[in-house]
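In this text, all values refer to a predicted model and were calculated from it rather than measured experimentally.
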Amino acid sequence: VQLQASGGGLVQAGGSLRLSCAASGRIFSSHVMAWFRQAPGKEREFVAAIRWGRSSTYYADSVKSRFTASKDSAKNTLHLQMNSLKPEDTAVYYCARGNSLEYAPANYNSWGQGTLVTVSS
């Protein structure tokens, strides 16, 4: 599968952005679609995930109650609604497909190219 992330940009603290990830191949109900982010000089970290078949969602503590992951199965698209953004949310955001819910990037085998989110203070 090929994943194409979009929607990043520059926003002021407290603002909102909506990221999208379009998949060109099949996403099966057993797959997990996830968002990760990587800030300069830091390791890639888990942000959110959604089980494609059940639509159940999972979040990192740092984004819980501010970010919402969702999917459009008909369009094979994953979304991440980000509200109340903080400067520490600044990072390149990646979408990824995995076979199970894991929080480590190594467990995901398909990655999008990333989209940059910059939150100014």
Side-chain angles (χ1 to χ4, degrees):
V1 68
Q2 290 188 337
L3 304 175
Q4 180 76 33
S6 62
L10 174 63
V11 63
Q12 288 188 334
S16 299
L17 280 176
R18 187 183 192 222
L19 305 184
S20 296
C21 175
S24 61
R26 288 290 303 276
I27 304 176
F28 296 102
S29 59
S30 59
H31 284 132
V32 172
M33 297 297 294
W35 290 98
F36 287 80
R37 67 186 182 187
Q38 188 165 17
K42 295 188 176 181
E43 294 187 351
R44 193 168 297 189
E45 64 174 2
F46 172 84
V47 175
I50 186 166
R51 292 188 186 273
W52 203 253
R54 305 180 193 174
S55 297
S56 49
T57 53
Y58 307 85
Y59 300 96
D61 288 343
S62 59
V63 307
K64 204 171 291 185
S65 80
R66 299 189 298 123
F67 290 11
T68 303
S70 63
K71 68 182 180 75
D72 184 336
S73 298
K75 296 183 179 180
N76 247 20
T77 301
L78 174 72
H79 299 288
L80 185 69
Q81 178 66 43
M82 305 186 296
N83 299 328
S84 302
L85 282 162
K86 304 175 181 180
E88 51 263 43
D89 294 318
T90 295
V92 176
Y93 283 70
Y94 299 89
C95 55
R97 189 189 74 174
N99 295 318
S100 60
L101 178 63
E102 303 284 350
Y103 299 105
N107 292 288
Y108 290 79
N109 48 31
S110 297
W111 290 86
Q113 85 290 358
T115 184
L116 177 63
V117 172
T118 304
V119 184
S120 62
S121 57

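Of all the heavy atoms in A34 and Y108, the pair that sits closest is CB-CE2, 3.6 Å. Y103 and F36 get closest at one heavy-atom pair: O-CE2, 3.6 Å. Of all heavy-atom pairs between A69 and I50, the closest is O-CD1, 4.3 Å. Contact detail for L3 and C21: the closest heavy-atom pair is CB-SG, 3.9 Å. Closest approach of G8 and T115 over heavy atoms only: N-OG1, 3.0 Å. In this structure, M33 and W52 approach most closely via the heavy-atom pair CG-CE3, 3.4 Å.
A salt bridge does not link D89 to K86: none of the charged nitrogens lies less than 4.0 Å from a carboxylate oxygen.
Listed by chain and residue number, R37 satisfy the side chain to side chain donor-acceptor pair (under 3.5 Å) test with E45 (two or more places apart in sequence, or in another chain). By the ring pair (Phe, Tyr, Trp, His ring centres under 6.0 Å) test, H79 is found to be paired with no residue, residues two or more places apart in sequence or in another chain being considered. When the side chain to side chain donor-acceptor pair (under 3.5 Å) test is applied to K75, no partner is found at least two apart in sequence or on another chain.
Contact check for V117 versus M82: side-chain heavy atoms found under the 4.5 Å cut-off. S55 is listed as a side-chain neighbour of K71, based on a closest heavy-atom distance under 4.5 Å. Counting heavy atoms from C-beta on, the side chains of Q38 and Y93 never come closer than 4.5 Å. Residues N109 and R97 are in side-chain contact: their nearest non-hydrogen atoms beyond the backbone lie under 4.5 Å apart. Side-chain contact check for T118 versus V11: every heavy-atom pair is 4.5 Å or farther apart. Contact annotation: the side chain of H31 approaches that of N99 to within less than 4.5 Å [non-hydrogen atoms, C-beta and beyond]. Under the 4.5 Å side-chain criterion, counting only non-hydrogen atoms from C-beta, E88 is not in contact with T90.
Here the straight-line distance linking atom CG of N107 with atom OG of S100 works out to 6.0 Å at 0.5 Å rounding. S70 contributes atom OG, which lies 8.0 Å from atom CG of L80 (distance to the nearest 0.5 angstrom).
A side-chain donor-acceptor contact under 3.5 Å links S16 and N83. When only modelled atom types and interatomic distance are considered, Y59 and R66 share no side-chain donor-acceptor pair under 3.5 Å.
A perpendicular orientation is assigned to the rings of Y94 and W111, their planes being inclined by more than 60° (bins at 30° and 60°).
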